[in-house]
Number of protein chains: 2
Amino acid sequence: MLSNSSKYAIKAVLFLAIHSNNKRVMVKDISDPINVPQAYLAKLLQPLVKEELVSSVRGPKGGFYLNEENLNHSVIDIIRVIDGEEKLNSCMLSLEKCNEEKPCPLHNMLVVSRKNILNNLENRTIKELALAVEKGNAFLPL
Amino acid sequence: MLSNSSKYAIKAVLFLAIHSNNKRVMVKDISDPINVPQAYLAKLLQPLVKEELVSSVRGPKGGFYLNEENLNHSVIDIIRVIDGEEKLNSCMLSLEKCNEEKPCPLHNMLVVSRKNILNNLENRTIKELALAVEKGNAFLPL
DNA sequence: TCTTAAATATGATTTTTATCATATTTTTTA
DNA sequence: TAAAAAATATGATAAAAATCATATTTAAGA
Ligand code: FES
Ligand code: FES
């Protein structure tokens, strides 16, 4: 469902949410702790900046950070930018999108859970998720 | 979550469950209707035969079919063979497996649904799923 | 027993995804 | 205003997934 790229991107954003408190942090200092190749992450961050899910400034003392607006985005926004809408809505059996009218044999045993997951990815904000980590209720993997 | 290979394999097995009633059907006659490249499907079927999820006989009048035992397997068996156990249990954020003790920030909003999906994939048999299609309650996509 | 039709085995090619490298632009600061 | 430090842009390479091709084995039937 999620590509490595999306996983990387989500981890990076969560890391920023937790560790940059309006402070700028450079790629290297994100990629190292979350264990993602630096140049690869740098590339992933570009579209996120362009879509205003992440903020950045160039030059010395520059780096990446999240402003209030960024913090109120949802995980699904990140997935949309990195993997695209199609992947997100694709049917469990076909390459095309999930079809309510002509459900595949797996559809009915999945719809509810699927919808639930999508709703959560849509509604929980980055800020909320980061809070859970700060409270010790969740952990950033790897 | 599911690779194209797994999707193809599941569709092929379901197709067999529906269309081969102990009759042997050759790859071409599976791959054509479910819209999967023939040579690719042929390759995918080999491990399924080896793991006894699908039956086959060689030579003229040969082909693939499902016996009673095959019909009582679950979709998750197919995924296990094609994608492997790891992928199935991997965490939403990391490449490693989902970790109850050190849950990632997405874990809690996913566990229940995730477990539900896995249970269904584990418990519904191929026979049951095929029946839904025969009854017109589900459809084989593409 | 020979021919033929099928699966099976193996390998080559293509496409996509992941990764690495390098040059350019922007901003800070000396 | 020049040098340095960062992001950004672009392209090259590597690895993995998907696809295609071909040779081998098995079984049926003439
Ligand atoms: S149609 Fe296949 S998952 Fe909805
Ligand atoms: S999904 Fe990430 S730890 Fe369970």
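These values consider heavy atoms only, across backbone and side chains, with no hydrogens, waters or symmetry-generated copies. The chains referred to below are lettered A, B, ... by the order of the sequence lines, with proteins before strands, and numbering in each begins at 1.
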Within this structure, what is the [atom1]-to-[atom2] distance between [X] and [N], rounded to whole angstrom?
X: A/M26; N: D/dA7; atom1: CE; atom2: P; result: 7 Å
X: B/L48; N: C/dA7; atom1: CG; atom2: C1'; result: 14 Å
X: A/Y65; N: D/dA6; atom1: OH; atom2: C1'; result: 14 Å
X: B/L45; N: C/dT10; atom1: CG; atom2: P; result: 17 Å
X: A/L44; N: C/dT19; atom1: CG; atom2: C1'; result: 10 Å
X: A/L95; N: C/dT16; atom1: CG; atom2: P; result: 12 Å
X: A/K11; N: C/dA18; atom1: NZ; atom2: P; result: 13 Å
X: B/N4; N: D/dA16; atom1: CG; atom2: C1'; result: 13 Å

Where at least one partner belongs to residues 98-119 of chain B, residue pairs that pass salt bridge (charged side-chain N to carboxylate O under 4.0 Å, His left out), sequence neighbours excluded:
B/E100-B/K115

Using a 4.0 Å cut-off on protein heavy atoms (strictly under), produce a 5'-to-3' string for nucleotides 20-30 of chain C with B for base contact, S for backbone-only sugar-phosphate contact, and - for none.
B----BBBBS-

Can you name the residues that form a ring pair (Phe, Tyr, Trp, His ring centres under 6.0 Å) with B/Y65, not counting sequence neighbours?
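Ring pair (Phe, Tyr, Trp, His ring centres under 6.0 Å) check on B/Y65 returns nothing, list empty.
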
So, using ring pair (Phe, Tyr, Trp, His ring centres under 6.0 Å) as the criterion, who are the partners of A/F64 when residues are at least two apart?
none

Just list the side-chain donor-acceptor pairs under 3.5 Å for residues 49-59 of chain A, sequence neighbours left out, or say none.
residue: A/S55; atom: OG; partner: A/N67; partner atom: ND2; Å: 3.2
residue: A/S55; atom: OG; partner: A/N70; partner atom: OD1; Å: 2.5

Does any pair with a residue in residues 8-22 of chain A pass side-chain hydrogen bond (donor to acceptor under 3.5 Å, both in side chains), and if so which ones, sequence neighbours excluded?
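Residue pairs passing side-chain hydrogen bond (donor to acceptor under 3.5 Å, both in side chains), neighbours aside: none found.
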
Is there any side-chain hydrogen bond (donor to acceptor under 3.5 Å, both in side chains) pair reaching into residues 27-38 of chain B, and which pairs are they, with sequence neighbours excluded?
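Qualifying pairs, neighbours excluded: B/K28-B/D32.
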
At under 4.0 Å, does any side-chain N or O of A/S5 touch on OP1 or OP2 of C/dT17?
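No, because none of the side-chain N or O atoms of A/S5 sits under 4.0 Å from OP1 or OP2 of C/dT17.
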
Check this one for me: any side-chain N or O of B/S56 less than 4.0 Å away from OP1 or OP2 of C/dA6?
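Indeed not, no polar side-chain atom of B/S56 lies that close.
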
Under 3.5 Å, which donor-acceptor pairs do the side chains of residues 128-136 of chain B form with other protein atoms, sequence neighbours left out?
residue: B/E128; atom: OE1; partner: B/R124; partner atom: NE; Å: 3.2
residue: B/E128; atom: OE1; partner: B/T125; partner atom: N; Å: 3.2

So, applying side chain to side chain contact (heavy atoms under 4.5 Å, CB included) with A/I30, which one of A/V13, A/L16, A/V36 is it?
A/L16

Within residues 81-90 of chain A, residues whose heavy atoms come under 4.0 Å of DNA chain C:
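Those residues whose heavy atoms fall under 4.0 Å from DNA chain C, taken from residues 81-90 of chain A in numerical order, are A/K87.
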
Going by distance alone, is a donor N or O of one side chain under 3.5 Å from an acceptor N or O of the other, for B/D77 and B/S74?
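Yes - a donor-acceptor pair under 3.5 Å links their side chains.
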
